[in-house]
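Beneath this line is the structure, given in structure tokens, with notes to follow.
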Amino acid sequence: MVTTAAAAHKPQQQQTRVLIVGNYCHDVLIQDDTVKAESLGGAASFISNVVNGMSIPCNLVSKVGEDFKYPVDYTPIVIPTSKTTVFHAYFDLGIHGNGHQDRVLKRVCACDPIRPSDLPDVRSNFGMAVGVGGEILPETLERMIDICDSVFVDIQALIRVFDSVDGTVKLVKLEETGFYSMLPRIGVLKASSEEAVFMDVEEVRKWCCVVVTTGKDGCKVYWKDGELRISPFSANQEDPTGAGDSFLGGFVAGLVQGLAVPDAALLGNLFGSLTVEQIGLPKFDSRLLQRVKDEVQTRKMQYLHCERSDNELEFLKPAGHEQFQASLGSAKLIPPCSSQARPWTPSNSPKETEKTPIPHYTVQAKLLVNSVYEEPIQTVEGKP
Ligand SMILES: Nc1ncnc2c1ncn2[C@@H]1O[C@H](COP(=O)(O)OP(=O)(O)O)[C@@H](O)[C@H]1O
Ligand SMILES: O=P([O-])([O-])O[C@@H]1[C@@H](O)[C@H](O)[C@@H](O)[C@H](O)[C@@H]1O
């Protein structure tokens with residue numbers, strides 16, 4: 001089946017499903033030779049966090065080793081002979097930087113790749129190829145294209161290579177990978193501005209929609225016939241990890257619900273900005289999420305007055321885009337619900353209790369294989 005950007009915007013019904021494919025990982029944040037924080041990581045965890053927050057049904061395929069230590073909502077495939085993927089992120093110029101320029105990533109452990117046979121047989125509306133450690137193989141992406149109406153790809157799943165000695169992440173040109181010929185069959189390719197220089201955007205936009213995220217400046221959407229800059233939301237950055245992943249989660253959540261591309265990209269910017277304000281996997285306040293869902297519903301009602309196609313991505317800014325941006329901006333200002341004092345729950349990340357700048361902080365969690373949880377043990381050091 002040929003899947004193009006045109007197929008991505010389907011009539012929205014209950015059965016709309018998102019298939020997220022990418023390994024969970026253990027993230028270790030290091031600054032000045034000191035471990036500042038440890039967290040559940042991997043684009044799949046950040047994206048499912050957003051998609052779940054927006055109450056959108058999804059399915060997730062991920063592989064981990066028996067050492068996987070975090071409770072998660074979607075049971076990963078446990079590979080007894082492999083270890084969980086681990087990334088060390090070095091922030092030698094400080095975590096509170098601007099964007100990711102300051103981050104050096106090392107993959108110090110790699111779990112098994114995800115193979116076509118690991119994917120479900122059922123069809124999904126939106127597939128998300130979001131590997132972090134090289135786990136998406138060309139044949140896996142081929143299979144996703146077959147079983148999904150439209151596939152969204154994070155370029156980091158395609159162009160990362162890993163130093164054979166210390167695992168330092170390096171990037172290669174997209175056209176040198178085995179994925180290049182698949183571009184005409186994917187819906188959206190997302191890249192950060194640092195990654196975007198590893199492709200020829202002018203060439204790639206002829207084949208699929210390209211979204212380049214630009215940190216605190218928001219993002220830019222390119223398609224065959226045009227381009228648009230989408231405004232950011234302001235944020236007090238604590239940790240840039242996962243901003244691009246949460247962006248993609250918000251963007252897809254918007255499209256799944258029938259928003260036009262510029263409005264969905266605003267939702268991406270909103271979740272990206274919320275993510276940089278917390279360390280590790282963010283916890284979104286329930287009142288904020290409800291308000292965002294309400295704003296999306298209101299926005300959809302406004303579309304009823306516009307002429308729109310049901311089976312194509314809508315690239316042009318619909319009337320009222322600026323008002324939608326202002327409404328999302330004011331949702332961000334809602335004070336957090338005090339009853340959400342962030343107890344540990346299976347869907348929480350260990351870092352979610354932290355909002356102030358990072359003290360030394362480690363967490364240990366016991367996890368039983370196959371999603372049977374024991375009471376986790378948390379160790380939090382250096383807290384007031
Ligand atoms: N400092 C920031 N202030 C506000 N929004 C931010 C900030 N950093 C990132 N974002 C949001 O998160 C998105 C992704 O961030 P970016 O740094 O571009 O990606 P990546 O995490 O992949 O490097 C941006 O497009 C923006 O919407
Ligand atoms: O910060 P970001 O680029 O959006 O995404 C990050 C990946 O680049 C990193 O490899 C992984 O360990 C993090 O958990 C997160 O998924």
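What's counted below: heavy atoms across the whole structure, side chains too, no hydrogens, waters or symmetry copies. As the structure lists them, so they are numbered: ligands from 1, and atoms in each ligand from 1.
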task = Could you tell me whether a side-chain N or O of N23 sits under 3.5 Å from a main-chain N or O of D112, the two making a donor and an acceptor?
result =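 Confirmed, N23 side chain pairs with D112 backbone.
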Quick one: look at D27 and ligand 2, take heavy-atom pairs under 4.0 Å, and tell me if it's side chain, backbone, both or neither.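 Answer for D27: side chain.
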(request) Kindly give the heavy-atom pair with the smallest separation between L228 and P262, and that separation in Å. (result)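 Taking every non-hydrogen atom into account, CD1-CG, 3.6 Å.
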Go through ligand 1 atom by atom and flag the ones less than 4.0 Å from a non-hydrogen atom of [X].
X	result
A235	3 (N), 4 (C)
Q237	1 (N), 8 (N)
G244	14 (C), 19 (O), 20 (P), 21 (O), 22 (O)
S273	4 (C), 5 (N), 11 (C)

Counting heavy atoms only, which of [options] is nearest [atom]?
atom	options	value
atom 24 (C) of ligand 1	S193, G215, C219, A43	G215
atom 2 (C) of ligand 1	R103, K190, K216, E195	K216
atom 10 (O) of ligand 2	Q156, K106, H88, R160	R160

Quiz prompt | All side-chain hydrogen bond (donor to acceptor under 3.5 Å, both in side chains) counterparts of D217, not counting sequence neighbours | solution =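 So D217 forms no side-chain hydrogen bond (donor to acceptor under 3.5 Å, both in side chains) with any residue.
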* To do: Indicate, with yes or no, if the rings of F247 and F271 have centres closer together than 6.0 Å.
  =>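 Ring-ring flag for F247/F271: false, centres at least 6.0 Å apart.
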### Query
Do any heavy atoms of R107 fall under 4.0 Å from ligand 2?
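No; R107 lies far enough from ligand 2 that no heavy-atom distance drops under 4.0 Å.
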Test of understanding: with ring-ring contact (aromatic ring centres under 6.0 Å, His included), list the residues that count as partners of F46, not counting sequence neighbours.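 So F46 forms no ring-ring contact (aromatic ring centres under 6.0 Å, His included) with any residue.
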message: Within the structure, is a non-hydrogen atom of G218 found at a distance of less than 4.0 Å from ligand 1?
response: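 Heavy atoms of G218 do come under 4.0 Å of ligand 1.
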Where does V276 meet ligand 1, judged by heavy-atom distances below 4.0 Å: at the side chain, the backbone, both, or neither?
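Contact part for V276 vs ligand 1: side chain (C-beta onward).
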